[in-house]
A.B. asks: 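Sending over a structure as structure tokens; questions will come in a sec.
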Amino acid sequence: MNVKEFIEDLRTRFPNEPEYIQAVEEVVASIADVYDRYPAFKSVNLLERLCIPDRIISFRVSWVDDKGRVRNNMGYRVQHNNAIGPYKGGIRFHSSVNLSILKFLAFEQTFKNSLTTLAMGGAKGGSDFSPRGKSDMEIMRFCQAFVNELWRQIGPDTDVPAGDIGVGAREVGYMFGWYKKMTREFTGTFTGKGLDFGGSLIRPEATGYGNVYFLLNMLATRGIDLKGKRVAISGSGNVALYTAEKLLKLGAKVVSLSDSDGSIVIPEGLTQEMFDEIFELKTLFRGRISEFAEKHPDACTYYRRERPWKHVKADIAMPSATQNELDGDDARALLENGCIAVSEGANMPSTPDAIREFQNARILYAPGKAANAGGVSVSGLEMAQNSQKMNWTAEEVDARLCGIMADIHEQCAKYGKEEDGYINYVRGANTAGFLKVARAMMAQGVV
Ligand code: NDP
Ligand code: 2IT
């Protein structure tokens with residue numbers, strides 16, 4: 001396969017979709033060898049069918065704000081691939097959402113879901129609606145208007161949405177409520193639901209906890225102990241907070257957090273009391289990280305409109321905010337300050353330049369599709385519980401999550417180990433994720 005020509009062709013057909021092209025380019029570069037080894041793949045043009053989404057649904061979402069004004073947003077669902085299971089993936093509400101971003105996320109989700117060992121295809125959806133500053137009733141009306149368009153396209157065995165940036169338990173609850181009203185059915189069509197109506201224990205924690213479990217597996221390959229290690233985290237949403245919580249429990253130091261307005265660096269590390277305060281500020285009051293910095297000027301420094309990477313001395317980095325939030329300069333700064341491992345909570349947070357820096361330095365580097373797969377894994381477990389009409393205990397779900405993260409690590413090591421013993425987690429994750437989907441697609445014919 002000529003990777004360059006393939007990517008150039010996609011670029012011509014889908015101009016103005018840089019994030020989508022970036023995600024495809026990384027995967028295609030790492031699976032080119034395997035793809036070429038099996039001519040049968042090429043004979044059915046499997047690669048193109050795997051890279052171009054099965055279908056994209058787009059629609060206008062009209063809703064009424066608290067002042068009685070009619071507002072219009074765009075809504076989308078990208079159903080990327082359902083070769084190994086129903087379409088599955090989160091919904092993102094953020095002003096930056098566009099088709100390029102959702103296509104990259106749905107593409108990545110397909111490989112991630114394949115790695116989880118569960119039967120889930122890949123999808124992603126969302127809207128350029130920004131929940132920031134909106135009242136609870138505005139959020140509810142928006143969620144209802146969004147699902148009013150989408151409900152016919154989803155279902156427990158068709159497509160199962162969940163949360164992502166800007167979509168948490170509150171939004172999933174409102175979307176589920178409207179879905180239930182439209183279908184007259186109570187099914188597990190959304191995951192990340194409230195515990196009282198079919199949600200799974202540990203789903204809120206799963207992405208963050210899962211990332212820490214993956215990190216532990218990586219550190220074990222080099223006999224490194226997590227205890228006492230300084231960990232830089234970006235973001236302060238669902239993924240970042242539960243990553244920090246688990247790290248603190250395991251005796252690591254959390255030395256940074258951030259939001260879209262800026263970053264805090266805490267040189268001595270967050271205490272449990274400080275973490276509890278931030279957790280409350282962010283989850284209960286939907287506050288800003290700068291508010292914490294104002295209250296604790298002695299413990300931390302606030303960097304307005306900056307990311308944490310250049311300001312922090314850390315052994316480990318866990319970017320958990322958004323795509324392309326860690327570039328080559330940030331990577332070089334982290335490496336100069338002694339960083340030995342990067343485990344991605346966000347989807348595609350490191351730019352290609354940053355990934356090159358990490359891999360050239362031979363540090364442990366796990367891409368999001370492996371390291372953050374814990375969230376969708378527990379979504380898969382929520383689907384299983386819903387269809388059994390059963391609820392598992394927190395211990396049971398957590399144990400399964402731990403097992404799945406270990407399994408994903410093993411797949412990465414199997415397909416990513418290089419001659420000098422270095423584990424290229426990017427190649428490993430992409431190859432393992434690809435092979436399962438590719439085998440299923442081959443067996444199912446050209447559809
Ligand atoms: P949340 O909305 O809960 O939190 C997002 C955090 O990132 C917030 O602190 C937010 O700041 C910050 N952020 C968002 N966009 C930007 C931006 N453009 N620049 C700087 N900071 C930004 O989302 P999640 O924690 O759920 O998601 C974080 C990442 O993890 C995303 O990449 C998501 O795709 C990925 N992910 C999420 C999973 C899940 O289960 N939720 C599963 C796997 C991956 P602010 O509050 O200012 O907006
Ligand atoms: O990026 C992701 O894996 C998610 N946002 C979670 C998706 C899910 O279906 O739980």
Side-chain angles (χ1 to χ4, degrees), residues 49-50 52-59 75-92 102 105-126 143 146-164 167 171-195 197-200 203 206 373-392 397 400-401 404 433 436-447:
R49 288 195 287 128
L50 181 59
I52 298 176
D54 287 357
R55 105 184 29 82
I56 298 173
I57 299 135
S58 67
F59 45 91
Y76 310 92
R77 185 73 176 166
V78 179
Q79 295 179 334
H80 190 87
N81 186 294
N82 66 351
I84 63 169
Y87 298 111
K88 178 83 194 89
I91 301 266
R92 178 177 291 193
L102 295 180
L105 288 163
F107 175 80
E108 290 283 288
Q109 197 80 45
T110 301
F111 294 85
K112 183 196 302 192
N113 292 3
S114 167
L115 287 169
T116 65
T117 70
L118 306 174
M120 298 181 289
K124 202 86 185 190
C143 288
F146 183 83
V147 171
N148 217 23
E149 281 295 324
L150 191 61
W151 72 275
R152 286 173 203 280
Q153 318 286 346
I154 58 180
D157 298 314
T158 309
D159 184 352
V160 183
D164 193 75
V167 177
E171 291 74 17
V172 168
Y174 290 148
M175 287 194 277
F176 177 76
W178 197 256
Y179 177 80
K180 183 171 62 71
K181 185 179 174 74
M182 299 310 286
T183 57
R184 313 283 200 266
E185 279 176 1
F186 194 110
T187 59
T189 295
F190 283 81
T191 61
K193 299 183 290 297
L195 286 181
F197 52 98
S200 175
R203 177 61 190 91
V376 75
S377 298
V378 175
S379 277
L381 301 181
E382 184 171 326
M383 289 163 73
Q385 292 170 77
N386 290 165
S387 40
Q388 288 182 328
K389 307 227 176 333
M390 296 272 287
N391 295 309
W392 302 341
V397 178
R400 283 181 192 254
L401 169 63
I404 289 171
K436 182 174 175 185
V437 178
R439 280 194 303 266
M441 287 176 73
M442 290 302 292
Q444 292 170 27
V446 177
V447 290

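For reference, positions follow the sequence shown, starting with 1.
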A.B. asks: I'd like to know if the side chain of R184 and the backbone of K181 have a donor-acceptor N/O pair within less than 3.5 Å.
C.D. replies: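 Yes: the side chain of R184 pairs with the backbone of K181.
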
A.B. asks: Rounded to the nearest 0.5 Å, what separation is found between the NZ atom of K124 and the CZ atom of R92?
C.D. replies: 6.0 Å

A.B. asks: Could you walk me through whether N148 and M182 pass side-chain contact (heavy atoms from CB on, under 4.5 Å), step by step?
C.D. replies: CA-CA 8 Å; N148 217 23; M182 299 310 286; 3.4 Å; yes

A.B. asks: For R77 and G125, work out which heavy atoms get closest and say how close.
C.D. replies: NH1-N, 3.3 Å

A.B. asks: Is there side-chain contact between V147 and F190, with heavy atoms separated by less than 4.5 Å?
C.D. replies: yes

A.B. asks: Considering residues, nucleotides and ligands other than K436, do more than 12 of their heavy atoms fall under 6.0 Å from its NZ?
C.D. replies: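 Counting other residues, nucleotides and ligands, NZ of K436 exceeds 12 neighbours.
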
A.B. asks: If you compare all heavy atoms of L381 against all heavy atoms of V397, which two are closest, and at what distance to 0.1 Å?
C.D. replies: CD1-CG1, 4.1 Å

A.B. asks: Enter the distance from S114:OG to Q109:CD here, rounded to the nearest 0.5 Å.
C.D. replies: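 Here the interatomic distance stands at 11.5 Å.
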
A.B. asks: For a quick test of reading the model, state the closest non-hydrogen atom pair linking D159 to I154 and the distance between them.
C.D. replies: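 For D159 versus I154, the nearest heavy atoms are O-CB, 3.3 Å.
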
A.B. asks: Any chance you could measure L50, atom CG, to F111, atom CZ, to the nearest 0.5 Å?
C.D. replies: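 Here the rounded value is 4.0 Å.
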
A.B. asks: Passes side-chain contact (heavy atoms from CB on, under 4.5 Å), I91 versus E171? Steps please.
C.D. replies: CA-CA 10 Å; I91 301 266; E171 291 74 17; over 6 Å; no

A.B. asks: Do M441 and N81 have side chains that get closer than 4.5 Å, going by heavy atoms?
C.D. replies: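 The answer is yes, as the side chains (C-beta and beyond) meet within the 4.5 Å cut-off.
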
A.B. asks: Show the nearest heavy-atom pair for residues A206 and V378, with the distance to one decimal.
C.D. replies: CB-CG2, 3.5 Å

A.B. asks: Are side-chain heavy atoms of F59 and Q153 found at a separation under 4.5 Å?
C.D. replies: no

A.B. asks: Let me confirm one number: the OG1-NZ distance from T110 to K88, rounded to the nearest 0.5 Å.
C.D. replies: 12.5 Å

A.B. asks: Just so I know, are the side chains of E149 and I57 near enough to count as touching, which here means a heavy-atom distance under 4.5 Å?
C.D. replies: no

A.B. asks: Taking all atoms of both residues into account, what is the closest heavy-atom pair of N113 and G121, and its distance?
C.D. replies: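 Nearest pair, atom of N113 first, then G121: ND2-O, 2.7 Å.
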
A.B. asks: To the nearest 0.5 Å, what is the distance between OG (S200) and CE (M390)?
C.D. replies: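 Nearest 0.5 Å value for the OG-CE distance: 12.5 Å.
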
A.B. asks: Start with the C-alpha distance between K180 and F197, add both sets of side-chain angles, then the distance that settles side-chain contact (heavy atoms from CB on, under 4.5 Å), and finish with yes or no.
C.D. replies: CA-CA 11 Å; K180 183 171 62 71; F197 52 98; over 6 Å; no

A.B. asks: Could you give me the CA-CA distance, side-chain angles and deciding distance for I404 and L118, then say whether side-chain contact (heavy atoms from CB on, under 4.5 Å) is met?
C.D. replies: CA-CA 9 Å; I404 289 171; L118 306 174; 4.3 Å; yes

A.B. asks: On a heavy-atom basis, which atom in G188 and which in N386 lie closest, and how many Å separate them?
C.D. replies: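 Closest heavy-atom pair between G188 and N386: CA-OD1, 3.4 Å.
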
A.B. asks: Do the two ring centres, one from F146 and one from Y179, sit under 6.0 Å apart?
C.D. replies: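 Not under 6.0 Å, so no.
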
A.B. asks: Once rounded to the nearest 0.5 Å, what's the spacing between atom CD of Q79 and atom CG of D54?
C.D. replies: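 Rounded to the nearest 0.5 Å, the CD-CG separation comes to 8.0 Å.
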
A.B. asks: Return the orientation label for the H80 and F107 ring planes: parallel under 30°, perpendicular over 60°, tilted otherwise.
C.D. replies: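 Plane angle over 60°, so perpendicular.
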
